[in-house]
Structures are given as C-alpha cells and as structure tokens.
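Below is one structure, written out as structure tokens; the observations come after it.
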Amino acid sequence: MVTTAATLHANGVTDVQTSEQAAEALRPIAGQFAFIIFALGILGTGLLAVPVLAGSSAYALAEAMRWQSRPRPLTE
C-alpha cells in the first residue's frame, strides 16, 4: 500500500475514487500490465480473507450453539 501510495502521489494522483483510477496511475511503473497486476493484488487480498472469515464464522457458530470451541487434545 505504501508503494502504491508513493507512486500515485509522485504522479500527481491524490484523489482516487475507483480502482480503475488507481490501476491507471500505476501505468508508468507497470506499463501495459498495470490492470493485470492491480487485479492480481485485489484477488490475492480477497483470498487472504477467506481463512479469517471461515475461522470467525466457525467460532461465532460455536458460541451461538454453546458448543465447546476449543480443540480437544489429540491424546485422550
């Protein structure tokens, strides 16, 4: 994010309203692949959120159903 912000500011882009504007401002560095690189970054961010959402949903469901949410030891 810092690199993108520095690049945008260096090119005089200080008011970005859409992701298209941000990708277009990265064109001086990324060239014709700016949109692809930006899209991969957005997709990667979304994929990072999946395990967090799954874990928090499981914890919330366990709390709502009053199930034990801590894992049991493997040796019993």
Side-chain angles (χ1 to χ4, degrees):
M1 284 193 302
V2 173
T3 305
T4 301
T7 304
L8 293 176
H9 187 55
N11 289 311
V13 179
T14 57
D15 185 33
V16 177
Q17 298 296 321
T18 66
S19 58
E20 182 181 359
Q21 289 174 337
E24 187 63 37
L26 293 175
R27 189 175 294 274
I29 288 179
Q32 64 182 0
F33 301 110
F35 286 96
I36 293 171
I37 291 171
F38 197 79
L40 289 175
I42 296 292
L43 181 64
T45 302
L47 290 175
L48 285 173
V50 170
V52 174
L53 291 173
S56 64
S57 297
Y59 186 79
L61 180 63
E63 287 290 317
M65 301 299 283
R66 298 181 187 209
W67 295 336
Q68 179 181 357
S69 60
R70 286 178 282 134
R72 294 185 181 148
L74 294 176
T75 56
E76 284 192 20

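Everything numeric here is computed off the predicted structure, so don't read it as measured data.
Taking a 6.0 Å sphere around CD of E20, one finds it holds 12 or fewer heavy atoms contributed by other residues, nucleotides or ligands.
Take S56 and apply the side-chain contact (heavy atoms from CB on, under 4.5 Å) test, not counting sequence neighbours, and it matches no residue.
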Output a table of donor-acceptor pairs, distance under 3.5 Å, between side-chain atoms of residues 27-54 and any protein atom two or more places apart or on a different chain; print 'none' if there are none.
from	atom 1	to	atom 2	distance (Å)
R27	NE	E24	OE2	3.0
R27	NH2	E24	OE1	3.4
T45	OG1	G41	O	2.9

